[in-house]
Amino acid sequence: MLDGLDLNTETDLRILGCELIQSAGILLRLPQVAMATGQVLFHRFFYSKSFVKHSFEIVAMACVNLASKIEEAPRRIRDVINVFHHLRQIRGKKSASSLILDQNYINTKNQVIKAERRVLKELGFCVHVKHPHKIIVMYLQVLECEKNQTLVQTAWNYMNDSLRTNVFVRFQAETIACACIFLAARALQMPLPSRPHWYLLFGASEEEIKEICITTLRLYSRKKPNYEQLEKEVERRKMFLAEAKLKAKGLNPDGTPALSTLGGFSPASKPCSPNVVKVEEKSPNPQTLKPVKKEPDNRAQVTKSPHNGSSSFSFYSYNSRRSRSGTYSSRSRSRSHSRSPSPRRHQPSPLLPHLKPKASHHGNSDSKPSGRHSNSGGGGSGHKRKRSRSRSRSRSLVKGERERDRERERERDRDRSSSDLSSSKKHKHERGGGHHRGDRRDRERSRSYDRERDRERSHKSKHHSSSGHSGHSRHRR
């Protein structure tokens with residue numbers, strides 16, 4: 001009813017589905033208990049699912065197949081589909097033809113298997129059905145009427161017909177058996193004990209028996225359901241539900257977006273920032289917008305670069321790092337130079353002005369290859385020539401930096417030595433001239449001593465060489 005089906009249409013669908021299960025069970029030569037189980041499962045399933053969302057014919061096939069397994073009289077799915085195909089031809093008054101095993105048959109078979117799983121899942125695998133067939137015979141034995149075959153058969157027929165109604169879902173099997181015996185006795189005008197009423201002995205009440213009897217007798221006063229009309233009604237409700245779902249999603253029936261339902265939807269593109277809108281309103285000329293738009297955007301990109309650890313780190317230093325990365329050591333050095341620039345590079349010593357143009361020249365050489373490499377995508381991956389060039393450039397850069405460091409250390413040493421000499425001269429000047437004469441005498445003595453030592457060493461070496469030669473000549477003689 002939530003999907004738009006009225007009560008009469010749903011009742012007709014239940015009756016038609018149960019009739020299909022009954023006639024298919026007769027053609028498949030199933031026992032009556034198996035057919036009754038299939039009909040009860042059909043009712044139970046469609047009390048939790050809608051006829052609009054599930055095909056009642058496919059579910060009827062699944063219930064027949066499942067009931068045959070439950071009552072230990074299994075039938076093949078192919079036989080079940082073939083029987084329902086035959087019943088459809090009889091309804092349409094067509095000539096009987098065999099079922100073609102094509103793709104349509106395979107699809108129907110898969111649908112029946114899925115429907116069987118769905119029934120089991122929906123019922124929680126509680127598929128046991130307590131039937132009143134044996135209970136009717138047992139109650140008539142108690143009433144000593146089991147020998148009256150007409151009464152037994154009539155009560156049995158009423159019970160099979162009541163399977164098409166929702167009686168088996170609402171009442172217990174014992175109460176249904178009492179109601180069927182009550183209807184059969186009334187139809188055959190056979191008296192049964194009334195003081196007290198016989199059905200009170202079996203735990204049934206008068207109201208429940210009246211409800212079951214009225215529901216069963218109403219079945220005979222209904223018109224026979226029309227299969228084609230019911231199918232059209234179900235299809236119409238399916239279309240209505242599909243359109244309602246599309247409307248809820250904001251789409252037309254053909255799948256295109258509905259502009260009226262979205263409210264305020266416009267296909268025109270909107271600018272990303274309100275600053276651009278203000279500039280466009282003031283000056284429509286696009287040339288004037290370029291300097292206004294580019295500068296803040298570039299700054300934002302530099303400060304919010306995902307590669308940088310902090311916002312103050314420049315984008316240029318990142319590119320230069322990528323271009324210098326020939327080896328791990330060179331990459332770490334370039335990182336250290338870019339992050340913490342030393343004061344030696346930017347502030348050369350004032351004593352040696354001839355090194356200033358060299359530092360600036362090297363700085364320009366650093367910037368040029370880094371710019372080239374940054375434009376070529378960090379060294380041109382995939383090309384061996386570009387890799388070798390970048391590595392050689394990085395090595396030359398590292399060597400240049402080492403040479404600069406060595407020159408700076410030499411400059412420091414020279415500065416220190418010059419400062420030491422100046423301080424020593426000042427001290428000597430303060431001491432006086434007598435000390436200068438003493439220092440000169442000491443230096444002359446040390447020089448004469450060194451000359452004498454050198455003469456002695458040269459004389460000894462000559463003497464050893466002459467004695468060695470004479471010894472060798474005697475030994476030969």
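All values below come from the heavy atoms of this structure, side chains included, with hydrogens, waters and symmetry mates left out.
- When all heavy atoms are compared, the tightest approach of Ala34 to Glu71 is CA-CG, 3.5 Å.
- The aromatic rings of His197 and Tyr199 lie parallel to each other, with less than 30° between the two planes, well short of the 60° mark.
- His54 and Phe46 have perpendicular rings, their planes meeting at more than 60° on a 0 to 90° scale where under 30° would count as parallel.
- Salt bridge absent: Asp3 and Lys238 never bring a charged side-chain N and a carboxylate O closer than 4.0 Å.
- In plain terms, the two heavy atoms of Met35 and Gln22 that are nearest each other are SD-O, 3.3 Å.
- At a threshold of 4.5 Å between non-hydrogen side-chain atoms, the residues Leu30 and Val64 count as touching.
- Here the closest heavy-atom approach between residue Ile136 and residue Ala177 is recorded as CG1-CB, 3.8 Å.
- For an aromatic pair to be called close, the ring centres must be under 6.0 Å apart, and Phe56 with Tyr227 satisfies this.
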Would you sort out whether Ser95 and Gln89 count as a side chain to side chain donor-acceptor pair (under 3.5 Å), showing the intermediate values? CA-CA 7 Å; Ser95 59; Gln89 287 178 340; over 6 Å; no

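- In this structure, Arg14 is positioned above the aromatic face of Tyr47, its NZ or CZ under 6.0 Å from the six-membered ring centre and within 45° of the axis.
- The main-chain N or O of Gln153 is found under 3.5 Å from a side-chain atom of Asn157 such that the two form a donor-acceptor pair.
- Counting heavy atoms from C-beta outward, Ile77 and Ile81 have side chains that approach closer than 4.5 Å.
- The local environment of CD1 in Ile106 is crowded, with over 12 non-hydrogen atoms from other residues, nucleotides or ligands closer than 6.0 Å.
- The minimum heavy-atom distance between His43 and Thr165, with the atom names listed, is NE2-O, 3.1 Å.
- Taking every heavy atom of both residues into account, Val112 and Ala62 meet most closely at O-CB, 3.8 Å.
- A salt bridge is defined here as a Lys NZ or Arg NE, NH1 or NH2 lying under 4.0 Å from an Asp or Glu carboxylate O, and Glu206 with Lys210 meets this definition.
- Distance alone, capped at 3.5 Å, places no donor-acceptor pair between the Arg195 side chain and the Pro193 backbone.
- Within the model, atoms CD of Glu116 and CG of Asn65 stand 4.5 Å from one another, a figure rounded to the nearest 0.5 Å.
- Rounding to the nearest 0.5 Å places CG of Leu20 at 10.0 Å from CD of Gln39.
- Across every non-hydrogen atom of Phe42 and Gly17, the tightest pair is CZ-CA, 3.8 Å.
- Under a 4.0 Å N-O distance rule, the pair Glu233/Arg237 qualifies as a salt bridge.
- Side-chain atoms of Thr9 never come within 3.5 Å of backbone atoms of Leu5 as a donor-acceptor pair (strictly under, hydrogens ignored).
- With respect to the salt-bridge test (charged N to carboxylate O, under 4.0 angstrom), the residues Glu122 and Arg44 do not qualify.
- Looking at Thr175, its side chain never comes within 3.5 Å of a backbone N or O of Phe171 through a donor-acceptor pair.
- Under 4.0 Å is where a charged nitrogen must lie from a carboxylate oxygen, and between Lys224 and Glu19 no such pair does.
- For Arg76 and Asp79, the salt-bridge test passes: some basic side-chain N is under 4.0 Å from an acidic carboxylate O.
- Residues Glu228 and Arg91 are not paired through a salt bridge, judged by the lack of any N-O separation under 4.0 Å between the basic side chain and the carboxylate.
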